[in-house]
**Q** 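Got a structure for you, questions after.
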Amino acid sequence: MSKVLAKKFYGQNTLSTAKKLLGKFLVRRIGRRKISGTITEVEAYIGPKDKASHASRGRTKRTEVMFGESGHWYVYLIYGMHYCLNIVTEKKNYPAAILIRGVKTKTKEIRGPGRVCKYFWINKSFNAAAADRKIGLWIENSGVKIKNRDIQRGKRIGVDYAGKWKNKLWRFYLVRK
DNA sequence: AGATTGATCCAT
DNA sequence: TGGATCAATCTG
């Protein structure tokens, strides 16, 4: 049995998928080395009307991947400096994705989407690729059971421009003990 | 609080 | 084709 999450894991409701991603392993293989960590914080961007989502401006060269197949990576450069890693969710032609904002490794906790990409050596070359072993970046089942009471939710970060959409409680993170 | 940095998008 | 914007992070 493969521990790699299959496309169908991502093809359903984005909010429940976001919660289910907490506690899963993000894995990056570079040659014979592996970098991995538990996903601790995520943020959902859902549908064509979500003003906080890049997809709210419609299909463009950049956002096309959000309208595409679930289980593919959406990677973009923000502020000319930082990459952000998202996994596409829902059905084809319905734009949605989950931003990975935080990861915990054996030795350290990485908070912030730009830091996650830096730590995992992720750049735009992964954009639009399927999340699997072939490209060296995927998500695995960890076997860790996350309870609802271990999940916090809050407003999304950095989207104050998004009108009423800025108040959606679409950020989920693990309780820090 | 201010600087950084460049891809993206749309109209000024 | 120019310029404002931006799902962030760093230093102070």
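Since we're looking at a predicted model, the values are computed, not measured. Just so it is clear: chains get the letters A, B, ... in the order the sequence lines come, proteins before strands, and each one is counted from 1.
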**Q** So, Asp160(A) and Lys155(A), do they make that salt bridge, N to O below 4.0 Å?
**A** no

**Q** Can you list the stems that include DNA chain B, where a stem is three or more consecutive Watson-Crick or G-U pairs with distances under 3.5 Å?
**A** B:1-4 with C:8-11, B:6-11 with C:1-6

**Q** Please list, in numerical order, the residues of residues 79-92 of chain A that have a heavy atom closer than 4.0 Å to any atom of DNA chain B.
**A** Tyr79(A), Gly80(A), Met81(A)

**Q** Tyr45(A) on top of dA7(C)'s base, within under 5.5 Å and under 30°?
**A** yes

**Q** Start with the C-alpha gap between His72(A) and Tyr10(A), add the side-chain angles, then the distance that decides, and say whether side chain to side chain donor-acceptor pair (under 3.5 Å) holds.
**A** CA-CA 9 Å; His72(A) 288 233; Tyr10(A) 306 101; over 6 Å; no

**Q** State the NZ-CG distance between Lys118(A) and Asn123(A), to the nearest 0.5 angstrom.
**A** 14.0 Å

**Q** Let me confirm one number: the CD-NZ distance from Glu140(A) to Lys24(A), rounded to the nearest 0.5 Å.
**A** 11.5 Å

**Q** Who are the salt bridge (charged side-chain N to carboxylate O under 4.0 Å, His left out) partners of Arg28(A), not counting sequence neighbours?
**A** none

**Q** So, Arg111(A) and Glu41(A), do they make that salt bridge, N to O below 4.0 Å?
**A** no

**Q** How close do Ala44(A) and Asp50(A) get, heavy atom to heavy atom, and via which atoms?
**A** O-OD2, 4.4 Å

**Q** Could you tell me the separation between the CD1 atom of Ile35(A) and the OG1 atom of Thr105(A), rounded to the nearest 0.5 Å?
**A** 10.0 Å

**Q** Grab the CZ-C1' distance between Arg111(A) and dT9(C) for me, whole Å please.
**A** 14 Å

**Q** Quickly work out the Ile78(A) CD1 to dC9(B) P distance and round it to whole Å.
**A** 11 Å

**Q** Does a side-chain N or O from Arg57(A) land closer than 4.0 Å to OP1 or OP2 of dT8(B), or not?
**A** no

**Q** Nearest whole Å is fine: how far is dA8(C) P from Ile100(A) CD1?
**A** 15 Å

**Q** Is the NZ or CZ atom of Lys20(A) positioned over Phe9(A)'s six-membered ring, under 6.0 angstrom from the centre and within 45° of the axis?
**A** yes

**Q** Would you say a side-chain N or O of Arg115(A) is under 4.0 Å from OP1 or OP2 of dC10(C)?
**A** yes

**Q** In Å and rounded to the nearest 0.5 Å, what is the CG to CD1 distance from Asn127(A) to Ile122(A)?
**A** 12.0 Å

**Q** May I ask you to decide whether Arg101(A) forms a salt bridge with Glu43(A), counting only side-chain N to carboxylate O separations under 4.0 Å?
**A** yes

**Q** Quick check on contacts: within residues 58-72 of chain A, what sits under 4.0 Å from DNA chain B by heavy-atom distance?
**A** Thr60(A), Arg62(A)

**Q** Return the residues of residues 157-170 of chain A meeting this criterion: a heavy atom under 4.0 Å from some atom of DNA chain C. Order them by number, or give none.
**A** Ile157(A), Gly158(A), Val159(A), Tyr161(A)

**Q** Does dC10(C) have its OP1 or OP2 closer than 4.0 Å to a side-chain nitrogen or oxygen of Lys118(A)?
**A** no

**Q** Measure from OH on Tyr173(A) to P on dA7(C) and round the result to the nearest Å.
**A** 21 Å

**Q** Once rounded to the nearest 0.5 Å, what's the spacing between atom OG1 of Thr40(A) and atom CG of Leu22(A)?
**A** 7.5 Å

**Q** How long is the straight-line distance from CZ of Arg59(A) back to CZ of Arg62(A), given to the nearest 0.5 Å?
**A** 15.5 Å

**Q** Nearest-Å distance, NZ (Lys51(A)) to C1' (dC6(C))?
**A** 16 Å

**Q** Round to a whole Å and report the spacing from OH of Tyr76(A) to P of dC6(C).
**A** 12 Å

**Q** How would you list, by chain and number, every residue that makes a side-chain hydrogen bond (donor to acceptor under 3.5 Å, both in side chains) with Gln152(A), sequence neighbours excluded?
**A** none

